Structures are given as C-alpha cells and as structure tokens.
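Have a look at the structure below, then the notes.
Reckoned from all heavy atoms, side chains included, excluding hydrogens, waters and symmetry mates. On a predicted model such as this, the values are computed, not experimentally measured, just so you know.
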Amino acid sequence: MTTAVVRALGALAHRAAHTHREHACACPPPAVLADRADGTVVRSGPVVAKAHAPGTDTPGLLTRLSLANDPRLTGILLAPLRPRPFAPALHGRPVTLWPHGEPVDPADPDAAPWEAAAVLLARLHRTPVPPTLALPPMRGPAKAALAVARMRAARPGDPVTAPVLEAWHRLPDWARDEASAPPHRSRFLCHGDLHLGQLVRHPAPYGPWLLIDVDDTGLGDPAWDLARPAAWYAAGLLPPEVWLRFLDAYRAADGPAVRAEGDPWPELDVPARALTVQTAALAFAKSAAEGRAPDEVEQMMIDACARIASLPHELAAEHSS
C-alpha cells in the first residue's frame with residue numbers, strides 16, 4: 001500500500017460523499033477495504049474509491065462501466081456512482097467511484113449467499129449483450145496466466161511447482177489465454193472473477209445482493225464463473241451440500257453454463273482445472289513472498305494440481321476441446 005494513494009482515494013471518496021455539503025462534517029477517517037496487486041479500495045461513508053491495477057486497459061474499463069450502468073443489468077451488477085464514476089488517475093492508475101454496499105460476512109460462513117450468487121450469475125449469463133458496447137473478452141484465462149507467471153517469477157526453477165505447471169500445460173490453449181475460447185462458448189456476458197467477496201447488499205445493509213467489480217467482466221464461457229466453487233468442491237474445500245445448493249440454484253434460474261440436468265462436468269472441467277491451477281500458483285507466489293510454507297488450505301489446492309497432473313493424458317484431455 002502506498003500512503004499517498006490511500007490518502008488520495010480517501011479524499012476523493014469523502015468529497016464525492018459530500019458533494020452538496022459546504023460545512024465541515026464529523027465523518028470517521030477513510031477505511032481501507034482492500035489493497036492488492038489488482039486494486040486499492042478505500043471507503044468514506046457511503047462512497048468507495050478504487051484505484052485499479054497499474055496497466056489497466058482504461059478504454060476497456062470504461063466499456064465495462066457502461067455495462068454496469070446499462071438498465072438491463074439493473075439488479076445484477078452494482079452501478080458506479082453517478083453522474084461521474086471516473087475520477088482523476090493516481091500515479092497512472094485509473095480511479096472509479098462506487099456506492100458502498102454491505103459485503104458478505106466472512107465470520108458467518110453458514111450465511112454465505114451461494115444461492116443468490118448462483119441466481120445473479122444465471123441472470124447475467126442470460127442477458128443479451130448490449131449491441132452498442134464493444135465488450136472485450138472476460139479476463140478469467142488472462143488472470144490464470146498471470147498467476148502462473150507470478151509463481152514462476154517468485155519460485156524460478158523450484159521443483160515443488162512442477163505439479164502445478166504440469167496441470168497448467170494439460171489445459172487447452174484457450175484456457176491458458178493463448179487462443180480464443182470455442183465460438184459457441186464465447187459470446188456470453190461473464191463476470192470473470194466470481195467469489196463471495198464480489199457480492200454486496202445495496203442499499204446497505206439490507207438491500208438485495210448485487211455483483212461488484214467489473215474489472216474482469218466481458219464476453220466468454222459462462223462456465224468460468226462457476227469454476228471457483230467447482231474447483232473448491234473438487235478439492236474438498238466446499239462441502240458437497242453447499243456445491244449442490246449453488247449448482248441447483250443456477251440451474252433453477254436457467255443458467256446456460258451447464259446442461260439443465262445430469263453431469264455438469266463436461267462444461268465445468270476445463271475452467272475448474274484452470275481455477276485450481278490459478279489458486280495453487282497464487283498460493284506458491286504468496287507463500288514465497290512471505291517466506292513461509294503454504295498453509296493448509298493452499299496445500300489442498302496444490303495437492304489437487306498434483307492429482308490432475310497424475311491423470312492419464314487421455315482423461316485430462318477428455319473435456320478440453
């Protein structure tokens with residue numbers, strides 16, 4: 001975190017929260033909600049300011065903001081702050097302004113809104129692409145490739161990463177961001193980075209659940225948005241009953257990512273393996289940066305890669321086309 005960026009974001013959010021006030025206020029100090037390589041997020045009252053990652057495709061981000069503002073996505077995506085969602089860039093990083101929403105409570109996993117997430121995804125995937133927007137591809141495969149590159153840079157030549165790299169090389173080229181997705185699976189609106197941290201209640205704290213963070217949103221294979229919970233389930237991190245609640249809710253909402261009944265894995269297999277590799281690669285990169293061994297949860301995803309890497313090639317490639 002750079003103190004200058006955080007202070008500037010806090011000031012931007014505070015000004016946006018008090019556009020029509022001229023007197024001093026008694027607001028609490030701005031709060032840092034997130035500070036990662038892909039963005040720094042600071043809240044002041046009802047407004048959140050986000051500095052996006054260095055090197056962000058600003059025209060692409062502008063298109064994604066227009067999508068979040070599209071009336072057809074009302075009730076699905078959180079819309080940015082109106083009328084001016086863009087703020088001046090900070091150190092070359094684009095900045096956007098958003099209304100604050102109440103996030104998922106990490107201390108209450110039993111209340112996690114898996115069904116709400118599934119329904120929102122199904123509605124997003126069923127929404128026709130706005131004809132006036134030239135949407136870029138969703139960035140799921142690109143994020144997986146970046147995670148592997150980050151692991152390689154953090155642990156160059158380290159033999160412990162071999163199972164992750166083997167699982168990576170067994171993926172089809174489109175899942176490694178080396179080619180376009182199959183045409184029949186690449187024209188759906190996708191979130192691109194679905195996890196429970198991407199849901200908020202708005203208006204806070206009791207409004208409906210909405211999807212946030214459109215940085216990776218675009219056109220692609222909708223199965224990618226189901227891939228993280230699928231990967232967690234396959235690795236033993238997500239209980240079977242929770243996975244089935246999520247999958248059943250998605251199917252009940254007519255989501256197009258998987259067949260309406262029967263085995264969903266022909267559609268989910270490749271994206272779930274890609275998310276398994278992505279998670280394991282980030283685990284190796286983060287643990288190396290912090291000078292520690294992978295923790296128990298991280299090791300479960302690394303072990304899942306080892307199982308993928310040990311499969312006969314014909315099984316690993318069965319659903320790769």
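- Leu65 CG to Leu61 CG: the interatomic distance, rounded to the nearest 0.5 Å, is 4.5 Å.
- No side-chain donor-acceptor contact under 3.5 Å links Arg43 to the backbone of Val48.
- Environment of CD in Glu261: sparse, with no more than 12 heavy atoms of neighbouring residues, nucleotides or ligands closer than 6.0 Å.
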Under the criterion side-chain contact (heavy atoms from CB on, under 4.5 Å), I'd like the reasoning laid out for Ile308 against Trp168: C-alpha separation, chi angles, the key distance, then a yes or no. CA-CA 9 Å; Ile308 293 169; Trp168 176 246; over 6 Å; no
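- Not one N or O on the side chain of Asp158 forms a donor-acceptor pair closer than 3.5 Å with the backbone of Thr161.
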Stepwise side-chain contact (heavy atoms from CB on, under 4.5 Å) test for Met301 and Leu282: CA-CA 10 Å; Met301 300 306 291; Leu282 289 175; over 6 Å; no
Distance-only criterion, 3.5 Å: show the donor-acceptor pairs between side-chain atoms of residues 116-138 and protein atoms not counting sequence neighbours.
residue	atom	partner	partner atom	Å
Arg123	NH1	Gly75	O	3.1
His125	ND1	Leu121	O	3.3
His125	ND1	Tyr250	OH	2.7
His125	NE2	Asp225	OD2	2.8
Arg126	NH1	Ala253	O	2.3
Thr127	OG1	Arg123	O	2.7

Given side-chain contact (heavy atoms from CB on, under 4.5 Å), test Leu238 with Trp114 step by step and report yes or no. CA-CA 11 Å; Leu238 192 67; Trp114 286 107; 3.7 Å; yes
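- With sequence neighbours left out, His52 forms a ring-ring contact (aromatic ring centres under 6.0 Å, His included) with no residue at all.
- Closest of all the heavy-atom pairs between Trp224 and Ala175 is CH2-O, 3.8 Å.
- Side-chain atoms of Gln198 come within 3.5 Å of backbone N or O of Asp193 as a donor-acceptor pair.
- Here the side chain of Arg251 pairs a donor or acceptor atom with the backbone of Arg259 at under 3.5 angstrom.
- Using a distance-only test at 3.5 Å, with no hydrogens or angles considered, no donor-acceptor pair links the side chain of Arg170 to the main chain of Arg273.
- When hydrophobic clusters are built by joining Ile, Leu, Val, Met, Phe, Trp and Tyr residues whose side-chain heavy atoms come closer than 4.5 Å, directly or via intermediates, Leu196 is grouped together with Leu210.
- The nearest pair of heavy atoms linking Glu267 to Val258 is OE1-CA, 4.0 Å.
- Arg228 places a side-chain N or O within donor-acceptor distance of the main-chain N or O of Leu194, the cut-off being under 3.5 Å.
- The shortest distance between side-chain heavy atoms of Leu244 and Tyr233 does not fall below 4.5 Å.
- At a threshold of 4.5 Å between non-hydrogen side-chain atoms, the residues Pro30 and Leu9 do not count as touching.
- Heavy atoms of other residues, nucleotides or ligands lying less than 6.0 angstrom from CZ of Arg7 number 12 at most.
- Counting only heavy atoms from C-beta outward, the side chains of Ser287 and Arg155 approach each other to under 4.5 Å.
- Between Asp303 atom CG and Glu296 atom CD the span is 10.5 Å, to the nearest 0.5 Å.
- With contacts defined as side-chain heavy-atom distances shorter than 4.5 Å, the pair Leu199/Leu211 qualifies.
- Counting all heavy atoms, side chain and backbone alike, Ala272 lies closest to Ala230 at CB-CB, 4.1 Å.
- Residues in residues 96-118 take part in these salt bridge (charged side-chain N to carboxylate O under 4.0 Å, His left out) pairs, two or more places apart or across chains: Glu115-Arg245.
- In this structure, the side chains of Arg64 and Asp215 stay at 4.5 Å or more apart for every pair of heavy atoms.
- Other residues, nucleotides and ligands contribute at most 12 non-hydrogen atoms within 6.0 Å of the CZ atom of Arg187.
- Taking each heavy atom of Ala223 and Leu268 in turn, the nearest pair found is O-CD2, 4.0 Å.
- Put simply, NE2 on His100 and CG on Leu81 are 13.5 Å apart, with the number rounded to the nearest 0.5 Å.
- Residue Leu78 comes nearest to Trp98 through the heavy atom pair O-CZ3, 3.3 Å, listed as atom of the first residue, atom of the second, then distance.
- The CG atom of Leu90 sits 6.0 Å away from atom CG of Leu12, with the distance rounded to the nearest 0.5 Å.
- Formation of a donor-acceptor pair under 3.5 Å by the Arg185 side chain with backbone atoms of Ala257 is found in this model.
- Using a 4.5 Å heavy-atom cutoff, the side chains of Pro113 and Val104 are in contact.
- One distance of note links CG of Leu77 with CG of Asp213; it measures 10.5 Å at 0.5 Å rounding.
- Between Leu219 and Leu189, the closest side-chain pair of non-hydrogen atoms falls below 4.5 Å.
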Go through Asp221 and Val270 one step at a time and tell me if the side-chain contact (heavy atoms from CB on, under 4.5 Å) criterion holds. CA-CA 11 Å; Asp221 181 353; Val270 167; over 6 Å; no
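- With contacts defined as side-chain heavy-atom distances shorter than 4.5 Å, the pair Phe284/Pro294 qualifies.
- Using modelled atom types, no side-chain atom of His91 and backbone atom of Arg93 make a donor-acceptor pair closer than 3.5 Å.
- The shortest non-hydrogen separation linking Val95 to Phe86 is O-CD2, 3.4 Å.
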